Protein chains: 2
Amino acid sequence: MSGDVSEEPKPRRRQARGERRIAQLLQAAARVFCASGYTATSTNAIAREASVSPGTLYQYFPNKEAIAIELGERLLNEMREAHGQAFTPENLALPLPEMLDVVVDPLIAFNCENPVFLALMHGSEVPGRIAEEHDALHAGLLASVQEVIGHYAPGLSAADRARIANMTFAIFKGGLGLVLAAPEGPERDATVAELKAVLLRYLCPLAGTPVTTPPPR
Amino acid sequence: MSGDVSEEPKPRRRQARGERRIAQLLQAAARVFCASGYTATSTNAIAREASVSPGTLYQYFPNKEAIAIELGERLLNEMREAHGQAFTPENLALPLPEMLDVVVDPLIAFNCENPVFLALMHGSEVPGRIAEEHDALHAGLLASVQEVIGHYAPGLSAADRARIANMTFAIFKGGLGLVLAAPEGPERDATVAELKAVLLRYLCPLAGTPVTTPPPR
DNA sequence: GGCAAACACGAGTGATCACTCGCGTTTTTC
DNA sequence: GAAAAACGCGAGTGATCACTCGTGTTTGCC
């Protein structure tokens, strides 16, 4: 009612120590979420993983959901920052194989370094707020993919373009799981290459280009 | 110790009513697992969905895990029965597009009719026993896919064949999610067709056949 | 140095969940 | 038709979990 405290109910001043604790707690939460999933993870387990008391955890987060939300938001920002430049106009003009490299590689790298991301964004067990964020991200990426597809195949109907973009994204998600499951090293690299081959062969006909890739290996 | 009760600790005689209750409980469990996931589903919620008291539920299942296991086992049997004939030698000799129809369609149909299957087999939240079953199923399907691939491209190394089979399966799983998300009807059919197109274009080069499919639509 | 605010703790609290128990009802068996 | 066995119930029980609170410690500021 009084116009002063408009929308900061918590004008809490954080000390450097507090910021460190938050980062430490989020790291611990990432590990535990990753290992057990959101629902099966207890807040006490997160606190224990962070070598901190439950009370300390609740000094920085109002509830369990808020931990996942903050973690998700930070990952989302990090991802947008690291990957935002992939869908630039100049990259959009690249020939298909190179464009695949430019778009796929950073996405793969991000998910390899942050396996929590998939765990949080994937399960139907996550609270509503995270699901919303995920939907927004998904819609954004899908729009980008549609734009690219529209650039390579201008004659497509909107429905066809949407379906192809969805399928492209689904293939990527499926392949991403495989890549993460593969042991780091040459095997993972080969899996990534295979995934790109799939996408290339699927999308090549759109551009009217015949498939010129030889059988793998 | 006494040699008589060798390995039936429960020589329980079931009446017809009991069998009906079990089926009813499993159906209810399927709906609730599907909606909320395994961990977030309470046994009381299953009983309520089945219009039955919690005590009645525990007359037929020793614990929550057993419900998921029984459900998973029944689905697995149903699936093997309905789909076991897909990988027959005569189907294996079919040209690629027809063989894709024969293998993909029943798998899609099964998952459309039993969406719980994916929900149970997918989450890392499920208890160990289901995960084992899933691994076994996965390994079996993968072996079948490898066999098919070996038939189409005999010259491949074992590692390459394994990688391609894995990728094929991953593509299918990703596409399956899309298909289930699409509203039943022409849109779903189009998505299925698109998924087959992906697989066809990916696997065609293995057979040395050039891709002859025109751009979709 | 002294005061206030932020930080840290961990036993405690209420809610929820998986699961049990005692008792009443229906079905099978002889 | 009566004993036995299977079925059905729902309040109750112990464990676990998300979250709190009272108290003590550290940090920033004058």
Side-chain angles (χ1 to χ4, degrees), chain A residues 5 8-29 32-33 35-71 120 123 125-130, chain B residues 5 8-29 32-33 35-71 120 123 125-130:
Chain A
V5 289
E8 276 113 321
K10 303 281 178 184
R12 179 69 161 250
R13 290 178 47 242
R14 293 254 173 258
Q15 302 180 353
R17 183 172 37 149
E19 297 291 345
R20 254 181 283 128
R21 275 270 181 266
I22 291 181
Q24 174 186 0
L25 282 165
L26 287 178
Q27 274 192 331
V32 187
F33 282 151
S36 316
Y38 174 80
T39 312
T41 293
S42 77
T43 55
N44 288 19
I46 297 175
R48 208 179 317 120
E49 174 79 21
S51 309
V52 143
S53 86
T56 298
L57 186 152
Y58 280 94
Q59 181 143 124
Y60 298 103
F61 299 99
N63 51 51
K64 181 178 168 183
E65 184 174 350
I67 303 172
I69 288 177
E70 179 63 25
L71 187 55
L120 271 189
E125 47 172 284
V126 292
R129 180 72 188 287
I130 292 269
Chain B
V5 290
E8 276 114 319
K10 301 281 176 184
R12 180 69 160 251
R13 291 178 46 242
R14 291 255 175 257
Q15 304 179 352
R17 183 170 38 147
E19 296 292 346
R20 255 181 282 127
R21 274 272 180 267
I22 292 183
Q24 173 186 1
L25 282 164
L26 288 178
Q27 274 191 332
V32 187
F33 282 152
S36 317
Y38 175 80
T39 312
T41 292
S42 77
T43 55
N44 288 19
I46 296 175
R48 207 179 316 120
E49 175 77 20
S51 309
V52 144
S53 86
T56 297
L57 186 152
Y58 280 94
Q59 181 142 122
Y60 298 103
F61 300 98
N63 52 50
K64 180 178 168 184
E65 183 174 352
I67 303 173
I69 289 177
E70 179 63 24
L71 187 55
L120 270 188
E125 47 172 285
V126 292
R129 179 74 187 286
I130 291 269

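Quick note on labels: first sequence line is chain A, next is B, and so on, each numbered from 1. Predicted, not measured: the structure shown is a model, and the values here were computed from it. What you see below is based on every heavy atom in this structure, not just the backbone, and it leaves out hydrogens, waters and symmetry mates.
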Atom-to-atom span, OH of A/Tyr38 to C1' of D/dA18 - whole angstrom: 10 Å
Could you tell me whether A/Phe61 contacts a base, only the sugar-phosphate backbone, or nothing, with contacts defined as non-hydrogen atoms closer than 4.0 Å? nothing
Expressed in angstrom and rounded to an integer, what is the separation of B/Leu57 atom CG from C/dT20 atom P? 11 Å
Give a yes/no answer on whether the side chain of B/Tyr58 brings an N or O atom under 4.0 Å of OP1 or OP2 in C/dC19. yes
Can you tell me how far C1' of C/dA15 sits from NZ of A/Lys64, to the nearest Å? 14 Å
How does protein contact run along nucleotides 22-30 of chain D, one letter per nucleotide 5' to 3', with B for base contact, S for sugar-phosphate only, - for none, heavy atoms under 4.0 Å? ----BSS--
Any chance you could measure A/Arg20, atom CZ, to A/Gln15, atom CD, to the nearest 0.5 Å? 9.5 Å
How close or far is atom P of D/dA6 from atom CD1 of B/Ile22, stated in whole angstroms? 13 Å
Once you apply a heavy-atom cut-off of 4.0 Å, does A/Gly18 come out as touching a base, just sugar-phosphate, or nothing? sugar-phosphate
A/Tyr58 to A/Lys64 - nearest heavy-atom pair and separation: OH-N, 4.5 Å
For A/Thr41 and A/Ser36, which heavy atoms make the closest approach, and how far apart are they? OG1-CB, 3.7 Å
Is B/Arg14 close enough to D/dA6 that one of its side-chain N or O atoms is under 4.0 Å from OP1 or OP2 there? no
Separation of C/dC17 P from B/Glu65 CD (nearest whole Å): 19 Å
For atom CG of A/Asn63 and atom C1' of D/dT20, their distance in whole Å: 13 Å
Taking the nucleotide of DNA chain C with the closest heavy atom to each, which residue, A/Gln59 or A/Pro54, is nearer the 5' end? A/Gln59
Where do A/Leu25 and A/Val52 come nearest, in terms of heavy atoms and distance? CD2-CG1, 4.3 Å
Closest approach of A/Tyr60 and A/Gly18, non-hydrogen atoms and distance? OH-CA, 3.4 Å
Which ones in residues 39-48 of chain B lie close to DNA chain D, meaning a heavy atom under 4.0 Å from one of its atoms? none
Would you check if the side chain of B/Glu70 reaches a backbone N or O of B/Leu26 as a donor-acceptor pair within less than 3.5 Å? no
Side chain of A/Glu125, backbone of B/Ala40: donor and acceptor closer than 3.5 Å? no
Does D/dC7 have OP1 or OP2 under 4.0 Å away from a side-chain N or O of B/Thr56? no
Has A/Tyr60 got a side-chain N or O lying under 4.0 Å from the OP1 or OP2 atom of C/dA8? yes
For B/Ile46 and B/Phe33, run side chain to side chain contact (heavy atoms under 4.5 Å, CB included): C-alpha distance rounded to whole Å, both residues' side-chain angles, the deciding distance at 0.1 Å, then the answer. CA-CA 9 Å; B/Ile46 296 175; B/Phe33 282 152; 4.1 Å; yes
For B/Ala50, does its backbone N or O pair with a side-chain atom of B/Gln24 as donor and acceptor, under 3.5 Å? yes
